[in-house]
J.: 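Mind having a look at this structure? Questions to follow.
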Protein chains: 2
Amino acid sequence: MEEKKIKEILHQAGLKYTPGRAALIAFLWETSRPLTQEEISLGLKGSGLNKVSIYRALDSFLQAGLVHRIESGDRVWKFAFCGCGSRGHCHPHFICRSCGKVECLTKMHLPEVAAADQGYVIEEQEVYFKGLCPGCS
Amino acid sequence: MEEKKIKEILHQAGLKYTPGRAALIAFLWETSRPLTQEEISLGLKGSGLNKVSIYRALDSFLQAGLVHRIESGDRVWKFAFCGCGSRGHCHPHFICRSCGKVECLTKMHLPEVAAADQGYVIEEQEVYFKGLCPGCS
DNA sequence: CACTAAACGCAATTGAGTTGCGTTTATAAT
DNA sequence: ATTATAAACGCAACTCAATTGCGTTTAGTG
Ligand SMILES: [Mn+2]
Ligand SMILES: [Mn+2]
Ligand SMILES: [Zn+2]
Ligand SMILES: [Zn+2]
């Protein structure tokens with residue numbers, strides 16, 4: 001992603017532009033798959049942020065609706081860039097039980113939620129498909 | 001739940017009958033809502049199992065398909081009794097963003113999964129609705 | 001250039017869940 | 001009933017992803 005676009009995204013979210021955040025966004029963008037903090041740290045190598053700063057940047061991105069957060073069963077969060085603006089999820093995710101990889105199924109859209117029982121207000125939904133990915137099946 | 005039924009469930013799962021496990025199953029059964037280890041400990045008071053033993057019992061129940069496990073966003077697992085036998089989930093869950101309560105939407109059934117892209121094997125799905133429960137809306 | 005709030009790095013902390021290990025108990029064979 | 005054995009249990013110590021505190025640096029504004 002071009003620096004200009006990243007500057008625009010951060011500015012629109014009311015966040016300061018920093019080299020670390022730019023690298024983080026670019027990396028999430030090009031990977032286009034939910035990543036753990038550790039994967040991000042490895043991917044960014046020296047040019048990147050501190051572990052704590054990665055979590056804090058991702059938190060602010062999450063608040064701003066720039067990323068979404070996945071918990072795929074092992075109590076480790078994964079983060080993916082998401083242009084959709086919604087704070088929730090706009091597509092289902094696939095989780096491979098063998099290699100643990102998580103994939104955004106961006107081609108699929110979540111159905112409009114049918115009104116639930118009386119009194120319930122449904123604001124967002126989260127859908128996971130679990131099984132084996134092409135590499136593992 | 002009657003003791004006889006619990007004995008039968010445990011035997012069928014290849015697990016020993018113990019007072020602690022019986023109390024655990026009975027409590028999950030009567031609560032019929034996903035509970036954390038801490039909630040279970042509080043609910044069972046003195047008559048119950050040690051924290052570690054609760055986790056170990058729940059693990060074996062999970063393997064046997066007697067319970068299912070929910071991760072509702074705060075990195076704390078919740079467990080609910082589930083007679084359906086499947087190791088996965090047979091219904092969606094509702095998560096209240098205000099009070100944190102989780103509910104099994106047993107009246108709703110998960111749709112048959114449409115065959116995904118080539119190579120993917122979908123074994124189970126997990127569906128969460130997030131919003132406000134009747135008490136919080 | 002000066003100012004300020006936001007962002008950052010490091011070290012220490014938190015807490016849900018796990019592991020090791022010695023003891024107890026359910027279950028089935030004798 | 002007695003014994004044998006594997007499963008279940010309790011306690012203490014541990015793991016490790018994520019958080020917090022705090023002093024320092026930096027981006028953005030004027
Ligand atoms: Mn996604
Ligand atoms: Mn349920
Ligand atoms: Zn895989
Ligand atoms: Zn609520």
Side-chain angles (χ1 to χ4, degrees), chain A residues 3-4 6-25 27 34-64 66-79 100 102, chain B residues 3-4 6-25 27 34-64 66-79 100 102:
Chain A
E3 181 179 316
K4 194 188 167 195
I6 293 175
K7 275 205 163 85
E8 185 187 322
I9 289 173
L10 286 171
H11 183 257
Q12 187 150 355
L15 299 169
K16 285 186 179 176
Y17 175 96
T18 68
R21 286 178 168 180
L24 173 54
I25 290 181
F27 185 59
L35 299 171
T36 64
Q37 173 273 315
E38 196 179 1
E39 290 171 320
I40 293 169
S41 278
L42 290 173
L44 295 180
K45 298 266 177 154
S47 71
L49 294 166
N50 175 270
K51 176 182 87 163
V52 177
S53 300
I54 290 177
Y55 278 118
R56 289 199 269 233
L58 290 170
D59 269 351
S60 58
F61 294 173
L62 194 64
Q63 297 301 318
L66 297 178
V67 302
H68 55 236
R69 197 178 68 183
I70 305 294
E71 210 292 321
S72 49
D74 54 359
R75 288 174 29 94
V76 180
W77 284 337
K78 292 191 172 72
F79 299 85
V102 179
Chain B
E3 182 179 316
K4 193 189 167 196
I6 293 175
K7 275 205 163 87
E8 184 188 323
I9 289 173
L10 286 170
H11 183 257
Q12 188 150 356
L15 299 169
K16 284 185 179 176
Y17 176 94
T18 68
R21 286 178 168 179
L24 174 54
I25 289 181
F27 185 59
L35 299 171
T36 64
Q37 173 273 314
E38 196 178 1
E39 290 172 317
I40 292 169
S41 279
L42 289 173
L44 295 181
K45 298 266 177 152
S47 71
L49 292 168
N50 175 270
K51 176 183 88 162
V52 177
S53 299
I54 290 177
Y55 277 119
R56 289 200 268 231
L58 290 170
D59 270 350
S60 58
F61 294 174
L62 194 64
Q63 297 301 318
L66 296 179
V67 302
H68 55 236
R69 196 177 70 183
I70 304 294
E71 212 292 321
S72 50
D74 54 0
R75 287 173 32 92
V76 179
W77 285 336
K78 292 190 173 71
F79 299 85
V102 179

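Keep in mind the model is a prediction, meaning the values are calculated, not measured. Every chain is numbered from 1 and lettered A, B, ... according to where its sequence line falls, protein lines coming before strand lines.
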J.: Check the distance between C:dC8's P and A:Phe61's CZ and give it to me in whole angstrom.
T.: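 Rounded to the whole Å, the gap is 8 Å.
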J.: Walk me through it: do A:Tyr55 and A:Asn50 pass the test side-chain contact (heavy atoms from CB on, under 4.5 Å)?
T.: CA-CA 9 Å; A:Tyr55 278 118; A:Asn50 175 270; over 6 Å; no
J.: How many whole angstroms separate atom CG of B:Leu44 from atom P of D:dG10?
T.: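 That distance rounds to 11 Å.
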J.: NA contact type, B:Val76, heavy-atom cut-off 4.0 Å: base, sugar-phosphate, or nothing?
T.: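 Touches sugar-phosphate only.
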J.: Is there a donor-acceptor contact under 3.5 Å from the side chain of B:Gln37 to the main chain of B:Glu39?
T.: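 Pair absent, no side-chain N/O of B:Gln37 close to backbone of B:Glu39.
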J.: Please determine whether a side-chain nitrogen of the Lys or Arg among B:Glu8 and B:Lys4 lies less than 4.0 Å from a carboxylate oxygen of the Asp or Glu.
T.: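 Here B:Glu8 does not pair with B:Lys4 in a salt bridge, since their nearest N and O are not under 4.0 Å apart.
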J.: Between the base of C:dG9 and the side chain of A:Arg56, is one N or O donor paired with an acceptor at under 3.5 angstrom?
T.: yes
J.: The side chain of A:Lys16 lies closest to which of these nucleotides: C:dA26, D:dT19, D:dT26?
T.: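 Ranking C:dA26, D:dT19, D:dT26 by closest atom to the A:Lys16 side chain puts D:dT26 first.
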J.: What is the distance, rounded to the nearest whole Å, between atom CD1 of A:Ile54 and atom C1' of C:dG9?
T.: 12 Å
J.: Strictly below 4.0 Å: does A:Ser53 bring a side-chain N or O up to OP1 or OP2 of C:dG9?
T.: yes
J.: Rounding to a whole Å, what distance do you find between A:Lys51:NZ and C:dC8:P?
T.: 16 Å
J.: To the nearest angstrom, how far is A:Glu39 atom CD from D:dA17 atom P?
T.: 12 Å
J.: Please confirm whether the backbone N or O of B:Lys16 pairs with a side-chain atom of B:Arg21, one donor and one acceptor, at under 3.5 Å?
T.: yes
J.: Can you measure A:Asn50 atom CG to D:dT20 atom C1' for me and round it to whole angstrom units?
T.: 13 Å
J.: Does C:dC8 have OP1 or OP2 sitting under 4.0 Å from an N or O in the side chain of A:Thr18?
T.: yes
J.: When you match B:Arg69 and B:His11 each to their closest nucleotide on DNA chain C, which lands nearer the 5' end?
T.: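 Looking at DNA chain C, the more 5' nearest nucleotide goes with B:Arg69.
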J.: Figure out the CG/C1' separation between A:Asp59 and D:dT19, and round it to whole Å.
T.: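 Answer to the nearest Å: 9 Å.
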J.: Begin from the C-alpha positions of A:Ile9 and A:Tyr17 and carry the test side-chain contact (heavy atoms from CB on, under 4.5 Å) through to its verdict.
T.: CA-CA 9 Å; A:Ile9 289 173; A:Tyr17 175 96; over 6 Å; no
J.: Is the shortest side-chain N/O distance from B:Tyr55 to OP1 or OP2 of C:dG17 below 4.0 Å?
T.: yes
J.: In whole angstroms, how far is the C1' atom of D:dA27 from the CD atom of A:Glu3?
T.: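 Atom CD in A:Glu3 sits about 14 Å away from atom C1' in D:dA27.
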J.: Can you tell me if the side-chain N/O atoms of B:Arg75 get under 4.0 Å from OP1 or OP2 in C:dG17?
T.: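 False: B:Arg75 side-chain N/O out of range (4.0 Å or more) of C:dG17 OP1/OP2.
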J.: Considering only C:dG17, D:dT19, D:dA8, which nucleotide approaches the side chain of B:Arg21 most closely?
T.: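 Between C:dG17, D:dT19, D:dA8, the one nearest the side chain of B:Arg21 would be D:dA8.
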